[in-house]
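Encoded as structure tokens, the structure appears first; notes follow it.
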Amino acid sequence: MNWRAQAMSTFLLGLVRLLTGAQARWYGCPPKAEQRIYFANHQSHADLVLIWAALPQELRSITRPIAARDYWTASNFKRWITTEVFNAVYVEREKKGDEDPLQPLIDALESGDSLILFPEGTRGHAEDPQAFKSGIYNLARRFPQVVLVPAWIHNVQRVMPKGEVIPVPVLCSVTFGEPVALGADEARADFLQRARSAVMALREV
Ligand SMILES: CCCCCCCCCCCCCCCC(=O)OC[C@@H](O)COP(=O)(O)O
């Protein structure tokens with residue numbers, strides 16, 4: 001990381017701690033240096049910063065957020081913050097030609113990185129997350145050794161909801177749950193539903 005990216009990272013971590021308290025609750029598993037996919041509900045850009053803030057520093061550099069290419073490359077600043085500060089992996093939300101949209105995620109997992117994925121694919125406004133897209137199922141099939149950790153992000157939509165640019169202070173937390181494993185012959189729809197329920201169940205703990 002160059003000094004500008006380092007400064008931005010420190011600034012955002014500080015800002016999110018100040019605005020939200022950034023409480024991390026490792027409820028179903030501890031932070032651990034094993035290959036993981038963290039998946040969570042998504043309502044605000046600050047969601048990612050909250051998860052980022054929860055990770056011990058040594059895990060942060062090998063844990064890469066998945067960012068929508070269309071949105072996060074739309075300006076130089078967005079591109080810079082996602083690549084230089086967060087080391088994000090871009091994903092195409094629209095399938096183009098024959099290319100597998102998951103290929104960049106597969107490459108990252110093959111090189112040993114962990115991922116942070118928002119399986120709804122977009123920020124939501126409702127209390128309940130939207131249906132999960134199938135990427136997480138395809139990755140779970142292909143990488144059975146990677147540990148899938150659900151997380152519930154509490155309250156962050158009130159800090160910086162979609163469409164807002166000025167954050168307001170509200171106490172927020174992120175709760176990490178027990179890992180979810182794909183069943184040997186579990187159907188796609190069943191798994192996606194179960195993964196979504198695992199995220200929502202953490203709202204109550
Ligand atoms: C209070 C702190 C404010 C922090 C702001 C800077 C945060 C930079 C975070 C980089 C986040 C990269 C991961 C985002 C995952 C993602 O790409 O989700 C899609 C949405 O994004 C945009 O799509 P949409 O919700 O459909 O507009």
Side-chain angles (χ1 to χ4, degrees), residues 1 4-24 36-55 60-96 101-105 108-109 113-136 139 149-174 195-196 199:
M1 237 192 243
R4 280 170 218 275
Q6 187 60 60
M8 179 58 90
S9 164
T10 306
F11 170 74
L12 285 176
L13 288 172
L15 183 69
V16 86
R17 287 190 176 121
L18 191 73
L19 289 173
T20 72
Q23 205 196 355
R36 289 177 167 180
I37 299 175
Y38 296 95
F39 61 101
N41 56 318
H42 192 29
Q43 296 185 308
S44 158
H45 297 327
D47 291 349
L48 189 264
V49 188
L50 207 70
I51 294 187
W52 193 251
L55 296 172
R60 225 174 268 150
S61 59
I62 52 162
T63 308
R64 307 177 63 190
I66 305 307
R69 180 185 291 279
D70 57 295
Y71 184 92
W72 288 103
T73 59
S75 71
N76 285 339
F77 178 72
K78 284 178 175 168
R79 185 186 286 271
W80 176 78
I81 205 162
T82 41
T83 53
E84 300 298 319
V85 181
F86 290 100
N87 191 20
V89 178
Y90 292 126
V91 66
E92 300 284 354
R93 291 195 279 193
E94 300 292 330
K95 194 168 161 51
K96 287 188 181 149
L102 287 181
Q103 195 56 49
L105 286 69
L109 288 171
D113 292 333
S114 290
L115 303 179
I116 301 169
L117 185 64
F118 297 104
E120 295 165 78
T122 182
R123 288 167 291 168
H125 301 285
E127 210 7 54
D128 286 353
Q130 300 166 67
F132 281 8
K133 298 189 177 230
S134 27
I136 189 167
L139 295 175
V149 177
W152 176 261
I153 296 168
H154 180 64
N155 247 351
V156 175
Q157 76 281 10
R158 292 165 55 198
V159 178
M160 206 171 93
K162 194 163 173 166
E164 294 294 330
V165 281
I166 310 290
V168 295
V170 199
L171 276 181
C172 302
S173 63
V174 51
R196 179 171 172 272
V199 168

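Counting starts at 1 for both ligands and their atoms, following the listed order.
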Only counting residues at least two apart or in another chain, list the ones meeting ring-ring contact (aromatic ring centres under 6.0 Å, His included) with H154.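 ring-ring contact (aromatic ring centres under 6.0 Å, His included) check on H154 returns nothing, list empty.
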Once ring-ring contact (aromatic ring centres under 6.0 Å, His included) is applied, do any residues pair with Y90, and if so which ones, sequence neighbours excluded?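 Here no residue qualifies.
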Tabulated below should be the N or O atoms of ligand 1 paired with protein N or O atoms at under 3.5 Å; can you produce that?
unit_1	atom_1	unit_2	atom_2	d
ligand 1	17 (O)	A68	N	2.8
ligand 1	17 (O)	W72	NE1	3.3
ligand 1	18 (O)	H42	NE2	3.1
ligand 1	21 (O)	W72	NE1	3.0
ligand 1	23 (O)	R93	NH1	3.2
ligand 1	23 (O)	R93	NH2	3.4
ligand 1	25 (O)	T122	OG1	3.2
ligand 1	25 (O)	R123	N	2.8
ligand 1	25 (O)	R123	NE	2.8
ligand 1	25 (O)	K162	NZ	3.3
ligand 1	26 (O)	R93	NH1	3.1
ligand 1	26 (O)	T122	OG1	2.6
ligand 1	27 (O)	R123	NH2	2.8

Salt bridge (charged side-chain N to carboxylate O under 4.0 Å, His left out) partners of R17, counting only residues at least two apart: none
Below 4.5 Å, heavy atoms only, C-beta onward: do W72 and T83 meet side chain to side chain? no
When rounded to the nearest 0.5 angstrom, what distance separates CZ in F86 from OG in S9? 6.5 Å
Using 0.5 Å steps for rounding, measure from the OG1 atom of T10 to the CG atom of L15.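 Answer for the OG1-CG pair, T10 versus L15, is 12.0 Å.
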